[in-house]
S.K.: 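This is the structure I want to talk about, given as structure tokens.
Worth knowing before you read on, the calculation uses all heavy atoms, side chains too, and leaves out hydrogens, waters and symmetry mates.
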Amino acid sequence: MIRKMRQEDRDAVLQIWLEGNRSAHPFVPDAYWLSSMPSVREQLLQAEVYVEEEGSQIRGFVGMVGTYLAGIFVDGRHRSQGIGARLLEYVKERVPAFSLQVYQKNRRAVAFYQREGLEIAAQGTDPETGEAEYTMRWASGQNER
């Protein structure tokens, strides 16, 4: 089931965020993610966040800030079960167009987004990490799978 995040979900969501970033981005120093946690903790309450849960266990989440997809994260124990695709579909049903940034070295995520119909719109560099990234976009009716 996908539902809007509640305040009491924040710690579980933050833990999934941290572990997801650590595993998907080994090229970014761990200290960066740890130092970002306090601001991400606050941003979670300002963003539109939806969690995917089974029973009372949060297995993943997606965060939106307007038409910017801030991230999709799935608990490592539940990856490759379609949760990320379901979360992305949930966003597509509610937002007619959106963009996101993804590190170029995160090939698994780039391939996932391309498979789900997003297109690379631009290349750049994340000013905080110095890592190359893509801006990817999706619009309703564009390259649906």
Side-chain angles (χ1 to χ4, degrees), residues 1-30 32-34 36-37 39-126 128-129 131-145:
M1 171 180 86
I2 297 175
R3 63 166 174 80
K4 194 164 180 72
M5 184 186 84
R6 297 186 290 252
Q7 187 162 346
E8 61 266 23
D9 300 328
R10 192 165 54 161
D11 288 340
V13 166
L14 190 60
Q15 192 60 41
I16 292 170
W17 172 87
L18 177 61
E19 293 307 318
N21 276 311
R22 284 175 161 167
S23 68
H25 311 118
F27 47 88
V28 175
D30 196 48
Y32 173 76
W33 303 118
L34 292 172
S36 298
M37 282 183 70
S39 64
V40 170
R41 183 175 177 73
E42 292 308 310
Q43 291 168 13
L44 284 171
L45 294 179
Q46 298 167 15
E48 196 167 333
V49 179
Y50 297 95
V51 299
E52 195 278 351
E53 70 177 352
E54 184 174 283
S56 61
Q57 182 182 27
I58 295 173
R59 303 186 310 168
F61 73 95
V62 60
M64 294 292 298
V65 178
T67 60
Y68 179 73
L69 193 151
I72 293 179
F73 292 88
V74 176
D75 184 308
R77 297 167 292 182
H78 300 287
R79 290 196 187 120
S80 300
Q81 296 177 15
I83 294 168
R86 284 194 299 277
L87 287 164
L88 188 59
E89 190 61 33
Y90 191 83
V91 170
K92 287 177 176 180
E93 291 170 359
R94 286 155 180 75
V95 181
F98 60 86
S99 65
L100 60 87
Q101 255 90 29
V102 60
Y103 290 120
Q104 291 181 20
K105 289 180 183 176
N106 189 351
R107 291 187 178 102
R108 183 176 177 183
V110 172
F112 166 75
Y113 289 125
Q114 288 178 316
R115 189 172 58 246
E116 296 298 322
L118 280 79
E119 296 179 346
I120 295 172
Q123 296 183 47
T125 302
D126 179 350
E128 293 185 19
T129 64
E131 290 290 332
E133 63 184 2
Y134 292 125
T135 297
M136 299 186 77
R137 291 201 171 95
W138 178 85
S140 181
Q142 155 199 309
N143 294 338
E144 290 295 315
R145 47 178 177 145

S.K.: Can you measure from CD (Glu89) to CD1 (Ile2) and round to the nearest 0.5 angstrom?
M.R.: 9.5 Å
S.K.: For a quick test of reading the model, state the closest non-hydrogen atom pair linking Gly60 to Leu87 and the distance between them.
M.R.: C-CD1, 3.9 Å
S.K.: Would you say CD of Gln57 has more than 12 non-hydrogen atoms from neighbouring residues, nucleotides or ligands within 6.0 angstrom?
M.R.: yes
S.K.: Between Pro29 and Phe27, is there a side-chain heavy-atom distance shorter than 4.5 Å?
M.R.: no
S.K.: Measure from NZ or CZ of Arg94 to the centre of the six-membered ring of Tyr90, then state whether that distance is under 6.0 Å and the direction lies within 45° of the axis.
M.R.: yes
S.K.: How far apart are the closest heavy atoms of Ala70 and Val65, and which atoms are they?
M.R.: CB-CG2, 4.5 Å
S.K.: Hey, does Met37 have a side-chain heavy atom less than 4.5 Å from the side chain of Trp17?
M.R.: yes
S.K.: Any donor and acceptor pair, going by atom type alone, linking the side chain of Arg22 with main-chain N or O of Asp30 inside 3.5 Å?
M.R.: no
S.K.: Report the C-alpha separation of Gln101 and Asp126 in whole Å, then their side-chain angles, then the decisive distance to 0.1 Å, and conclude whether the side chain to side chain contact (heavy atoms under 4.5 Å, CB included) test is met.
M.R.: CA-CA 9 Å; Gln101 255 90 29; Asp126 179 350; over 6 Å; no
S.K.: Would you indicate whether the side-chain heavy atoms of Leu100 and Leu118 approach each other to under 4.5 Å?
M.R.: yes
S.K.: OH/Tyr50 to CG/Asp9 distance, rounded to the nearest 0.5 angstrom?
M.R.: 13.5 Å
S.K.: For a quick test of reading the model, state the closest non-hydrogen atom pair linking Gln104 to Gly124 and the distance between them.
M.R.: NE2-O, 4.5 Å
S.K.: CD/Glu52 to CZ/Arg3 distance, rounded to the nearest 0.5 angstrom?
M.R.: 10.5 Å
S.K.: Is any side-chain heavy atom of Leu45 closer than 4.5 Å to one of Gln43?
M.R.: no
S.K.: Is the shortest heavy-atom distance from the side chain of Lys105 to the side chain of His25 under 4.5 Å?
M.R.: no
S.K.: Is it the case that Glu42 and Gln46 place a side-chain donor and acceptor less than 3.5 Å from each other?
M.R.: no
S.K.: Taking atom OH of Tyr103 and atom OG1 of Thr125, what is their separation to the nearest 0.5 Å?
M.R.: 10.5 Å
S.K.: Check whether any side-chain heavy atom of Leu69 sits under 4.5 Å from a side-chain heavy atom of Leu88, and report yes or no.
M.R.: yes
S.K.: Within the structure provided, determine whether Met1 and Glu53 are in side-chain contact (heavy-atom separation under 4.5 Å).
M.R.: yes
S.K.: So with a 6.0 Å cut-off around CD of Gln7, is the heavy-atom count from everything else above 12?
M.R.: no
S.K.: I need the minimum non-hydrogen distance between Ala109 and Val102, along with the two atoms involved.
M.R.: CB-CG2, 3.8 Å
S.K.: Could you walk me through whether Asn21 and Val28 pass the side chain to side chain contact (heavy atoms under 4.5 Å, CB included) test, one step at a time?
M.R.: CA-CA 9 Å; Asn21 276 311; Val28 175; over 6 Å; no
S.K.: Are Ile58 and Asp75 packed together at the side-chain level, in the sense that at least one heavy-atom pair is separated by less than 4.5 angstrom?
M.R.: no
S.K.: Could you walk me through whether Ile83 and Ile72 satisfy the side chain to side chain contact (heavy atoms under 4.5 Å, CB included) test, starting with their C-alpha distance in whole Å, then the side-chain angles of each, then the deciding distance to 0.1 Å, before giving a yes or no?
M.R.: CA-CA 10 Å; Ile83 294 168; Ile72 293 179; over 6 Å; no
S.K.: Please check if the number of heavy atoms outside Arg6 that lie under 6.0 Å from its CZ is greater than 12.
M.R.: yes
S.K.: Quick check: closest heavy atoms across Gly84 and Val74, and the distance to 0.1 Å?
M.R.: N-CG2, 3.8 Å
S.K.: Is the side chain of Lys92 donor-acceptor paired with the backbone N or O of Glu116 at a distance under 3.5 Å, no angle test?
M.R.: yes
S.K.: Side chain to side chain contact (heavy atoms under 4.5 Å, CB included) between Thr135 and Glu133: does it pass, once the steps are laid out?
M.R.: CA-CA 7 Å; Thr135 297; Glu133 63 184 2; 5.7 Å; no
S.K.: What distance do Trp138 atom CH2 and Tyr113 atom OH have between them, rounded to the nearest 0.5 Å?
M.R.: 14.0 Å
S.K.: How long is the straight-line distance from CZ of Phe112 back to CZ of Arg79, given to the nearest 0.5 Å?
M.R.: 12.0 Å
S.K.: Kindly give the heavy-atom pair with the smallest separation between Pro26 and Ser23, and that separation in Å.
M.R.: CD-O, 3.7 Å
